[in-house]
Number of protein chains: 2
Amino acid sequence: MNEQVESNETAALPGVYVAAEADVSLTAPTCAIGYAFKAIEGKWKLPVMYVLSVRGAARYNEIKRELGITNMMLTNTLRDLEEYGLVSRTQYNEVPPRVEYALTDNGYAIIPALKEFEKWGQRLLDAPADGPVE
Amino acid sequence: MNEQVESNETAALPGVYVAAEADVSLTAPTCAIGYAFKAIEGKWKLPVMYVLSVRGAARYNEIKRELGITNMMLTNTLRDLEEYGLVSRTQYNEVPPRVEYALTDNGYAIIPALKEFEKWGQRLLDAPADGPVE
DNA sequence: CTGGATCCATGGCGATACTG
DNA sequence: CAGTATCGCCATGGATCCAG
């Protein structure tokens with residue numbers, strides 16, 4: 001495929017690092033980023049949270065149409081996010097029934113990370129030469 | 001992966017555009033955050049990139065031990081990350097053989113997002129009352 | 001001994017129906 | 001409108017096997 005022969009000196013950019021300690025124990029119960037990874041595990045957690053962050057609050061079928069997600073996956077994803085206290089569910093006893101989902105305070109706190117992800121994605125799009133082969 | 005282009009033609013609903021009704025079109029090829037989501041899709045992309053960001057460069061079995069990931073998953077994950085131009089693979093013709101993986105410049109660019117994720121995870125850990133029921 | 005593939009069991013995930 | 005139920009496939013995990 002692609003033979004990327006480059007010098008080893010680019011391995012570590014000076015002054016750029018995430019954590020000072022080289023011991024990476026993502027599975028530790030007190031590992032912050034490991035816990036974050038677990039919270040967003042699965043294909044649809046981040047897309048759902050992103051939609052809610054943009055819309056503020058959204059109904060079940062709204063999210064479904066936006067993402068093209070199946071009922072099963074949306075239901076499970078919302079339930080998981082609820083368990084983590086990231087999404088709140090508000091049911092209105094009306095006819096027809098209405099259920100609105102919104103980010104909790106902890107869910108809202110993910111937005112800075114989402115924005116960084118967006119900037120990163122933009123950078124990848126701006127460098128198509130290094131992108132995946134279409 | 002393969003981009004499944006959702007055809008707008010629908011036998012039952014002619015003339016109805018599916019993509020047009022989405023205000024948030026994460027599937028659009030020019031959507032930055034959608035592209036970022038695709039780039040990190042899968043269970044192990046972020047953990048592997050995190051390990052590489054901390055270690056600077058790591059060998060195959062180093063990553064494997066750190067994460068407790070299986071051979072198949074690590075191989076596939078590294079290959080996907082290579083395709084996206086996020087990870088570089090450097091092979092040394094030595095005895096015993098040695099292969100080192102490191103983040104590319106585009107791969108390193110994810111670190112601000114990882115830092116935000118870490119802060120977010122720390123916030124979740126600091127608010128156990130809102131966390132998932134143990 | 002290291003990097004990686006192959007077989008196999010399981011669970012996440014998708015498509016389509018059906019229900020309150 | 002907001003879910004549930006069911007089927008089937010593919011990604012994932014576990015163990016073992018292969019190449020250099």
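Just so it is clear: chains get the letters A, B, ... in the order the sequence lines come, proteins before strands, and each one is counted from 1. Remember, predicted model here, so these are calculated numbers, not experimental data.
Remark: Tyr60(B) is not in phosphate contact with dA5(C), judged by side-chain N or O atoms under 4.0 Å from OP1 or OP2. In terms of phosphate contacts, Arg59(B) brings no side-chain nitrogen or oxygen within less than 4.0 Å of OP1 or OP2 of dT2(C).
Atom pair Arg79(B):CZ and dG3(C):P shows a separation of 15 Å (rounding to whole Å applied). Going from atom CG of Leu67(A) over to atom P of dA15(C) covers 13 Å, rounded to whole Å. Rounded to an integer number of Å, the gap from Lys64(A) NZ to dC1(D) P is 10 Å. Between Tyr92(A) atom OH and dG3(D) atom P the separation is 13 Å, expressed in whole Å. Spacing between atom CD of Glu82(A) and atom C1' of dA2(D) amounts to 13 Å, rounded to whole angstrom units. For the pair Asn93(B) CG and dA19(D) C1', the computed distance is 15 Å after rounding to whole Å. Between the CG atom of Leu78(A) and the C1' atom of dA2(D) there is a distance of 11 Å, given to the nearest Å. Atoms CD (Glu62(B)) and P (dT2(C)) sit 11 Å apart, rounded to a whole Å.
The structure places CZ of Arg123(A) at 11.5 Å from CD1 of Ile110(B), a figure rounded to the nearest 0.5 Å. Put simply, OH on Tyr101(B) and CG on Leu86(B) are 14.5 Å apart, with the number rounded to the nearest 0.5 Å.
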Anything under 3.5 Å between a protein N or O and an N or O of nucleotides 10-13 of chain C, put it in a table, one pair a line.
| unit_1 | atom_1 | unit_2 | atom_2 | d |
| --- | --- | --- | --- | --- |
| dC13(C) | OP1 | Lys43(A) | N | 3.1 |

Where do N or O atoms of nucleotides 17-20 of chain C meet protein N or O atoms at under 3.5 Å, pair by pair?
| unit_1 | atom_1 | unit_2 | atom_2 | d |
| --- | --- | --- | --- | --- |
| dA17(C) | N6 | Asn71(A) | ND2 | 3.4 |

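Ile69(A) and Met72(A) are assigned to two separate hydrophobic clusters, defined by single-linkage of ILVMFWY side chains at heavy-atom distances under 4.5 Å.
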